[in-house]
There are 2 protein chains.
Amino acid sequence: MDGCVFCKIANGSSPSHKIFEDKNTIAFLDIFPCAIGHTLVITKKHYKNMEDVPPQELAEAIKTVQLVGKACMKALGAPGFNVHQSNNKPAGQVVFHLHFHVVPRFENDGVSFKWQVSEKAKEQIPLVKEKMMKVLWKIFNKNQ
Amino acid sequence: MDGCVFCKIANGSSPSHKIFEDKNTIAFLDIFPCAIGHTLVITKKHYKNMEDVPPQELAEAIKTVQLVGKACMKALGAPGFNVHQSNNKPAGQVVFHLHFHVVPRFENDGVSFKWQVSEKAKEQIPLVKEKMMKVLWKIFNKNQ
């Protein structure tokens, strides 16, 4: 897509610290890393996020995420890693081209993805359960 | 696996707020939600995390994640969602059965996954790039 920075990286018209590429995906080091080895995995084709990516291409992307995660453990000696992904602005998405963050983690590295438990959300579980089930099965059946 | 709380949920011997199930995966509401609709997606089979899950089963899991994400937007009116996944203790993994968090997001909801840019990590990009590339292609070629 014109003007999309990740499309430019995917087609090679913008430079990147590319570390891996296969038929459908590319992995490159984040230039604003929160940890050593912080990597982005993207689809080569432009999709905004999980809302519009075809499931099969999403599946290819997560396989590359797994590969990068395993590689950061082996190459950098990281004892773990996080995978993080954002859909739309309220979720913190900044570049609107589907991407996964792979963040190598080390003991006491100061990186934190901790969250607070919401009492309001707890109370709403029974109501949410009903609402979610209805819609989930509707979408699932439509996809079959 | 004996004693694994998510295996018990998967085989029905422990109760859960299950909202979806297909051949390989289950989705249920997190009982310690950070947001309304906070959901966990797991494989039915026991895998510790992305280190040992076969790529094809991982692909099935991410498809269910996508389904749940779309459903939370439709069912709860969430304008976005995050996907978060942890591998091993230093990454914050607490239950050692592969799971993805799907966190519906709303404007000004107080949930934050923001991180700090690490200058040390920035400096190490060229070195990390070389190390990662070597290992990535080694693993990739071994898998072919």
Given a strict heavy-atom distance threshold of 4.5 Å, which part of A:T64 is in contact with chain B: side chain, backbone, both, or neither? neither
Looking at B:H17, B:M50, B:H84, which has the largest count of heavy-atom pairs under 4.5 Å with chain A? B:H84
Keeping the roles fixed (side chain from B:H101, backbone from B:H99), state whether a donor-acceptor pair exists under 3.5 Å. no
In terms of heavy-atom proximity below 4.5 Å to chain B, should A:V53 be classed as side chain, backbone, both, or neither? both
Please flag which part of A:F100 lies under 4.5 Å from any non-hydrogen atom of chain B: side chain, backbone, both or neither. side chain
Partner chain A: residue of B:I36, B:V135, B:N88, B:V83 with the largest heavy-atom pair count (under 4.5 Å): B:V83
ILVMFWY cluster, A:I19 and B:W137 together (side-chain gap under 4.5 Å): yes
Among B:G80, B:A75, B:G110, which residue has the highest count of heavy-atom pairs closer than 4.5 Å to chain A? B:A75
Please walk me through it: do B:N24 and B:T43 pass side chain to side chain contact (heavy atoms under 4.5 Å, CB included)? CA-CA 6 Å; B:N24 298 294; B:T43 50; over 6 Å; no
Show, in sequence, the C-alpha distance, side-chain angles and deciding distance for B:N82 and B:R105, and conclude whether the side chain to side chain donor-acceptor pair (under 3.5 Å) test is met. CA-CA 7 Å; B:N82 287 114; B:R105 296 295 305 275; 2.7 Å; yes
Heavy-atom pairs under 4.5 Å with chain B are the metric here; pick the option from A:H38, A:Q56, A:K89, A:M73 that has the most. A:M73
Go through the atoms of B:L76 and report whether side chain, backbone, both or neither lie under 4.5 Å from a heavy atom of chain A. side chain
Hey, is NZ on A:K74 packed in by over 12 heavy atoms from elsewhere, all under 6.0 Å? no
So which of A:E107, A:Q93, A:K138 has the largest heavy-atom pair count under 4.5 angstrom toward chain B? A:E107
Run the salt bridge (charged side-chain N to carboxylate O under 4.0 Å, His left out) check on B:E123 and B:K120 step by step: do they pass? CA-CA 5 Å; B:E123 286 161 19; B:K120 193 180 151 198; over 6 Å; no
I'd like to know which of A:V117, A:D109, A:D22 tops the heavy-atom pair count under 4.5 Å against chain B. A:V117
Identify which of B:A121, B:A27, B:P33 forms the greatest number of heavy-atom pairs closer than 4.5 Å to chain A. B:P33
Toward chain B, the part of A:Q66 with a non-hydrogen atom under 4.5 Å: both
Expected output: side-chain B:D52 to main-chain B:Y47 donor-acceptor under 3.5 Å: no
Within a 6.0 Å radius of atom CG on B:L127, are there more than 12 heavy atoms belonging to other residues, nucleotides or ligands? yes
A:M132-B:I42 co-clustered via ILVMFWY side chain contacts under 4.5 Å: no
In terms of heavy-atom proximity below 4.5 Å to chain B, should A:F106 be classed as side chain, backbone, both, or neither? backbone
Aromatic rings A:H97 and A:F6: how do their planes relate, parallel, tilted or perpendicular, breaks at 30° and 60°? perpendicular
Can A:E21 and A:K44 be said to form a salt bridge (charged side-chain N to carboxylate O under 4.0 Å, His left out), step by step? CA-CA 9 Å; A:E21 173 172 6; A:K44 285 187 179 174; 2.9 Å; yes
So for A:N143, is it side chain, backbone, both, or neither that comes closer than 4.5 Å to the heavy atoms of chain B? side chain
Contacting region of B:Q116 [heavy-atom separation from chain A under 4.5 Å]: backbone
If you tally heavy-atom pairs under 4.5 Å against chain B, which of A:M133, A:E119, A:K114 wins? A:M133
Under a 4.5 Å heavy-atom cutoff, which of A:A59, A:C34, A:S118 has the most pairs with chain B? A:C34
Which bit of A:L29 comes within less than 4.5 Å of chain B, counting heavy atoms only: side chain, backbone, both or neither? side chain
Which atoms of A:K18 come close to chain B, meaning under 4.5 Å heavy atom to heavy atom: side chain ones, backbone ones, both, or neither? backbone
Return the option, out of A:V128, A:I62, A:I125, with the maximum number of heavy-atom pairs under 4.5 Å with chain B. A:I62
Mind listing the closest non-hydrogen atom pair of B:K70 and B:F81 along with its distance? N-CE2, 4.2 Å
